[in-house]
There are 2 protein chains.
Amino acid sequence: MAATISDIARKAGVSLATVSRVINKSPAVSDKSKKKVESAIKELNYIPSAYARGLSRNQSNIIGVIVPEISNPFFSEVIDGISSVADRQGLNVLLFNTDENIEKEARAMRILQEYRIRGLIITPVTGNNEYDKKYVEMFENMNLPIVLVDRNIKNSNFDGVYFDDKAALYKITSLLIENGHKDIALLAGNPNHVIAQKRIEGYQDAFEAADIKPYPQNILAGDFTIESAYQLTKHLILTHRIPTAFIGMTNMLSMGCLKALSEFNIAIPEEVAFIGYDRLAMHDILHLNLTLVEKDAVDMGRKAAGLLIDKINGKSTSSNRFILMPELLMRGSEKYPLRNPNERTFTEK
Amino acid sequence: MAATISDIARKAGVSLATVSRVINKSPAVSDKSKKKVESAIKELNYIPSAYARGLSRNQSNIIGVIVPEISNPFFSEVIDGISSVADRQGLNVLLFNTDENIEKEARAMRILQEYRIRGLIITPVTGNNEYDKKYVEMFENMNLPIVLVDRNIKNSNFDGVYFDDKAALYKITSLLIENGHKDIALLAGNPNHVIAQKRIEGYQDAFEAADIKPYPQNILAGDFTIESAYQLTKHLILTHRIPTAFIGMTNMLSMGCLKALSEFNIAIPEEVAFIGYDRLAMHDILHLNLTLVEKDAVDMGRKAAGLLIDKINGKSTSSNRFILMPELLMRGSEKYPLRNPNERTFTEK
DNA sequence: GTGAAAGCGCTAACAA
DNA sequence: TTGTTAGCGCTTTCAC
């Protein structure tokens, strides 16, 4: 059995209260008592119980972090950012991975409440529109500081750190249009998701602003996996034609699309233009000088944690929502292609 | 204030014990009481306190997970594997990221002890040989089920899930030698680390077995970052010559090396052979058909969690150590190059 | 500067 | 099947 505070008190010849004061660095303790207590602590290798403390203070040091896909680099970087800030504040991170699964999410939320967490940082599972309405109730019932990351909940307005994806798509699309593109494919993920909808809007708005009609079949709908983007791109190449430009709506979708392009040896930017999301190590490594929207996940995590901590401390200022504006990193892959790859014939590998 | 068990008892007109029984699914409760309790729970939105339960049971449901670099895909996948298994067992994951920093690691360990965790899964910080000795004491003093992942501690023998990196390097190097290579550069990370040492041994043993003397300057020592591998490769190319083959000892080192090769437009496998670690999405995407050692991080995480749970349950079988044997994924990049890039002149970009 | 004692919310042994 | 009660280890008031 681990040593308890009374073991220390007995050993040091003082009361429980004094030991507690030493542990909590209360100034009102004589140096002599303090010394005695400290050496007893060392001797018995005493480590206070988070449970006893939590119970008696009726408060925890835990924040909950719920992500939908921990092995996605975006989220592991978000966690990195959160964890570094939380650490500095003496808050500990209880982590849950939902795998985009609503039941898992609900279970995680429940468990976190058992831990009486101080606050919650969550990227909610998406794709179930029915469920979206329940979030609002659920979150409000929890009566807990909550910060969302990257995904807002439909028809609601929770505090959080978001990225203006609509603006990003608008910017990307406009840039391409300015470069002479009209035939622009969009790897659009699952269009039932808010994520996708906002971005598609941005894409369409840019066309509208330029007074051009986009080809509806250029919006390649599927899900958010690499595989889906890969298949859709391949299908487009084999059965239709190759547009002059591709847009990857997320890093996963970009990867799938790039994979297909590479498989057919379609060169960027000589044969097609490409603009994606997120700077990935692989781009640099391969000298793929892609023009990109930069989305700094670590920073988003840090900001989310900062926001949460402010809320925990009641420092809820006017701005409890960060909406990060997209910046384009221009590297040339937006240019109108020199050659038209449609003159070649493509057959399944 | 959250509702407590006594609120429920009062509301349901039963005793605390009965409520507790219902919560813990004890069978010895009449249907009638059960119903009453359950509806009271629902009505008051009662959620038991993990602290009170932990204190009274003197036990937690938490396992600690300590990784040195959460944004490294290897570790986020390990966490993915751990978390999926832990979840199924009703264990919650308290996560710490040490950033390869010993102080942070010590702090994490301390906090985890405050939570009276059931067990610990850790990839210890490396690089400080002095400190390595302390681990043994520290871990043994904690008297806690501990499972290491990927890194063992020097001169010790902790349970864990390891990968036989020495065998991997032996296999890689032998394969290259069989293909006619003699001039093989090894991106070796920091040779003070156990990780690096074992692998260098494998490399050297393969040469010895083939009765060839390796060039000492082909062991490129630095640290484990992409940048370090990039600089070392670049330096080798500019100041010495280009070997016929490169080996990346970790995925990070491979990336740095590939980046430099790509910068000089040195083609794989036409001009140099390359063998790396870990299948990364980028390889597929870019049709870099690299021959690789496969290291399944998610699986290592799952195995680690399985091992830990067995230890927690006292099912410590004979094998509390997994040493995964490397498998080579052969894709052609091991071949002896067709052209000799040394005939070109290389200048800094 | 120090100590006694009540209480945090729950479990579990015991009694009924 | 149910209830009573004594803790679990700590914090915190209050009195000294």
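Computed over heavy atoms, backbone and side chain alike; hydrogens, waters and symmetry mates excluded. Chain letters run A, B, ... following the sequence lines, proteins first and then strands; every chain starts at 1.
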B/Arg53 side chain to B/Pro48 backbone, donor-acceptor under 3.5 Å: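 Absent.
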Euclidean distance, atom [atom1] of residue [X] to atom [atom2] of [N] [Å, nearest integer]:
X        : N      : atom1 : atom2 : value
B/Gln59  : C/dG9  : CD    : P     : 22 Å
A/Tyr115 : C/dC8  : OH    : P     : 22 Å
A/Ile8   : C/dG3  : CD1   : C1'   : 17 Å
A/Glu114 : C/dG9  : CD    : P     : 15 Å
A/Leu16  : C/dG7  : CG    : C1'   : 14 Å
B/Ile5   : C/dA12 : CD1   : P     : 11 Å
B/Arg10  : D/dT2  : CZ    : P     : 19 Å
A/Arg57  : C/dA6  : CZ    : P     : 22 Å

Aromatic centroids of A/Tyr162 and A/Phe322 separated by under 6.0 Å: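 Between A/Phe322 and A/Tyr162, the centre distance exceeds or equals 6.0 Å.
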Shortest non-hydrogen separation from A/Asp299 to A/Asp296 and the atoms involved: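 Smallest heavy-atom distance, with atoms named: N-OD1, 3.0 Å.
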Any residue of residues 37-56 of chain B with a heavy atom less than 4.0 Å from an atom of DNA chain C: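 Result for residues 37-56 of chain B: B/Tyr46, B/Pro48, B/Ser49, B/Ala52, B/Arg53, B/Ser56, sorted by number.
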For residues 78-88 of chain B, dump all side-chain donor-acceptor pairs below 3.5 Å to protein atoms at least two apart in sequence or in another chain.
residue	atom	partner	partner atom	Å
B/Asp80	OD1	A/Asn97	ND2	3.3
B/Asp80	OD2	A/Ser71	OG	3.3
B/Ser84	OG	B/Gly81	O	3.0

Partners meeting salt bridge (charged side-chain N to carboxylate O under 4.0 Å, His left out) with A/Asp223 (sequence neighbours left out):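 Testing A/Asp223 for salt bridge (charged side-chain N to carboxylate O under 4.0 Å, His left out), a comparison that skips the adjacent residues, returns none.
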Sequence-distant partners of A/Arg57, salt bridge (charged side-chain N to carboxylate O under 4.0 Å, His left out), two or more places apart: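 A/Arg57: no salt bridge (charged side-chain N to carboxylate O under 4.0 Å, His left out) contacts found.
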A/Tyr115 and B/Tyr51 aromatic ring geometry - parallel, tilted or perpendicular at 30°/60° bounds: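 Rings of B/Tyr51 and A/Tyr115: perpendicular, as their planes differ by over 60°.
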Pair B/Asp7-B/Lys11, salt bridge (Lys or Arg N to Asp or Glu O under 4.0 Å): steps then yes or no: CA-CA 6 Å; B/Asp7 298 329; B/Lys11 183 127 210 161; over 6 Å; no
B/Gln59 vs B/Arg118, side-chain hydrogen bond (donor to acceptor under 3.5 Å, both in side chains): CA-CA, chis, key distance, verdict: CA-CA 8 Å; B/Gln59 204 210 74; B/Arg118 297 285 281 280; 2.8 Å; yes
5' precedence on DNA chain D between B/Arg116 and B/Gly13 (nearest-nucleotide basis):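 Closer to the 5' end of DNA chain D: B/Gly13.
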With 3.5 Å as the limit, what N/O pairs link the protein to nucleotides 13-16 of chain D?
none

OP1 or OP2 of [N] under 4.0 Å from side-chain N/O of [X]:
X       : N      : result
B/Ser33 : D/dT2  : yes
B/Asn58 : C/dT11 : no
A/Ser30 : C/dT2  : yes
A/Thr18 : C/dG1  : no

Helix axis bend for the helix from C/dG1-D/dC16 to C/dA16-D/dT1 - C1'-based end axes, five pairs, 10° rounding: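 The angle separating the two end axes equals 30°.
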B/Ile117 and B/Leu144, any side-chain heavy atoms less than 4.5 Å apart: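 In short, these two side chains touch, coming nearer than 4.5 Å.
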Check: A/Leu120 and A/Pro145 side chains under 4.5 Å, non-hydrogen atoms: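 In short, these two side chains do not touch, never coming nearer than 4.5 Å.
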Touch class at under 4.0 angstrom, heavy-atom based, for A/Val14 against every strand present: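 Contact class for A/Val14: sugar-phosphate only.
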Lys/Arg cation over aromatic B/Phe74: B/Lys295, 6.0 Å, 45° cone: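 Yes, B/Lys295 sits over the ring of B/Phe74.
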